[in-house]
Amino acid sequence: MKNNKSEETKDLQTLMDKVPDHLFIKCPVCEENFYNKKLGEYKLCPNCGYGFRLGAQERINLTVDEFTPIDSEISAPKRFLDDEKYAGKLEKSKKATDLNESVQTGFAKIGDTEFALGVMDSRFIMGSLGTATGEKLARLFEQATARNLPVVVFSCSGGARMQEGIHSLMQMAKVSQAVSDHAEKGLLYISVLTDPTTGGVTASYAMEGDINISEPHTLIGFAGRRVIEKTIQQRPPKDFQRAETLLKNGFLDAIVKRDQMKSVLAKLLAWN
């Protein structure tokens with residue numbers, strides 16, 4: 001009997017080894033398992049509608065009809081590259097994303113409506129806000145202001161990039177000033193928060209839109225859950241940093257599913 005059981009276990013393991021990786025996917029929100037082909041073009045959980053993370057170019061392809069990138073050559077200043085570990089992370093991120101920084105910026109169109117577009121990419125050091133990220137976003141708003149164009153920014157970030165220290169933190173003020181100058185001219189800024197949007201990005205331009213919208217179940221916050229628990233000595237509700245809770249408490253204007261985002265943005269931009 002022992003030998004039979006041992007052989008059955010080996011046969012089962014052999015069979016499992018033949019099953020391709022990622023054939024079934026587990027949703028991080030509802031924790032349901034489903035066949036990977038059910039993700040579809042928009043990479044949505046078929047059970048709860050959670051949007052799995054997208055690269056910047058993927059999101060651009062799904063959201064706009066035309067896109068012309070700008071400032072693609074901008075990357076982290078050379079003074080930070082003496083840190084070999086950080087330089088290695090940058091090179092790895094560049095290869096993974098085909099970007100020089102954690103945000104892709106440019107001018108886009110949905111139909112005949114032109115606007116400035118910024119899309120962050122979580123694969124680039126977790127979409128962190130570095131010196132070059134802030135420079136690209138500030139230039140985007142400055143050029144949009146000069147051309148009287150609305151701006152749409154898709155945020156996805158773990159916060160300010162620690163490898164660049166105070167220089168990364170200063171980008172919060174830098175981009176916020178560019179947002180303010182854009183607003184003074186009476187131009188529209190739509191901020192779209194995607195999973196996750198945290199840290200200094202949440203504390204600055206991600207929450208400064210004239211209209212702030214989010215995808216379903218997006219994690220949105222400043223400090224991490226564990227830091228908050230240790231600080232207040234209490235366990236917050238499970239969903240206290242999710243988009244639905246923020247909407248309920250007035251921090252968001254709407255939650256929009258990814259497959260409806262293009263049509264919603266088209267309507268909002270048409271009102272500008």
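Side-chain atoms of E208 and S176 form a donor-acceptor pair, as typed in the model, at a separation below 3.5 Å. For the residue pair S102/T133, the side-chain donor-acceptor check at 3.5 Å is satisfied. Under the 3.5 Å distance criterion, with hydrogens and angles disregarded, no donor-acceptor pair is assigned to the side chains of S93 and T97.
For residues 173-223, the ring pair (Phe, Tyr, Trp, His ring centres under 6.0 Å) pairs, not counting sequence neighbours, are F141-H182, F141-Y189.
Nearest heavy-atom pair across C48 and C30 is SG-SG, 3.8 Å. The shortest heavy-atom contact between L54 and R258 is CG-NH1, 3.5 Å.
D83 and K85 are not joined by a salt bridge, as no carboxylate oxygen comes within less than 4.0 angstrom of a charged side-chain nitrogen. Comment: D121 does not engage R59 in a salt bridge, judged by the lack of any side-chain N to carboxylate O separation of less than 4.0 angstrom. Look at D71 and R139 and you find a salt bridge, because one of the NZ, NE, NH1 or NH2 atoms lies within 4.0 Å of a carboxylate O, short of that distance. We find that R161 and E164 are joined by a salt bridge, their nearest charged nitrogen and carboxylate oxygen being less than 4.0 Å apart.
With hydrogens and angles disregarded, a donor-acceptor distance shorter than 3.5 Å links the side chain of T202 to the backbone of T197. With hydrogens and angles ignored, the 3.5 Å screen pairs no side-chain donor or acceptor of N33 with any backbone N or O of F24.
Environment of CZ in R226: sparse, with no more than 12 heavy atoms of neighbouring residues, nucleotides or ligands closer than 6.0 Å. Heavy-atom neighbours of E84 CD from other residues, nucleotides or ligands within 6.0 Å: at or below the threshold of 12. When the shell of 6.0 Å around CZ of F67 is examined, it contains more than 12 heavy atoms from other residues, nucleotides or ligands. The 12-atom threshold is exceeded at CG of N61, counting heavy atoms of other residues, nucleotides or ligands nearer than 6.0 Å. Surrounding NZ of K185 are more than 12 heavy atoms belonging to other residues, nucleotides or ligands, all under 6.0 Å away.
Between the CZ atom of R53 and the SG atom of C156 there is a distance of 6.0 Å, given to the nearest 0.5 Å.
Results of the side-chain contact (heavy atoms from CB on, under 4.5 Å) test with F240 over N249, I228, L246 single out I228 as the only residue that passes.
Both cation-pi conditions hold for R147 and F107: the charged atom is under 6.0 angstrom from the six-membered ring centre and inside a 45 degree cone around its axis.
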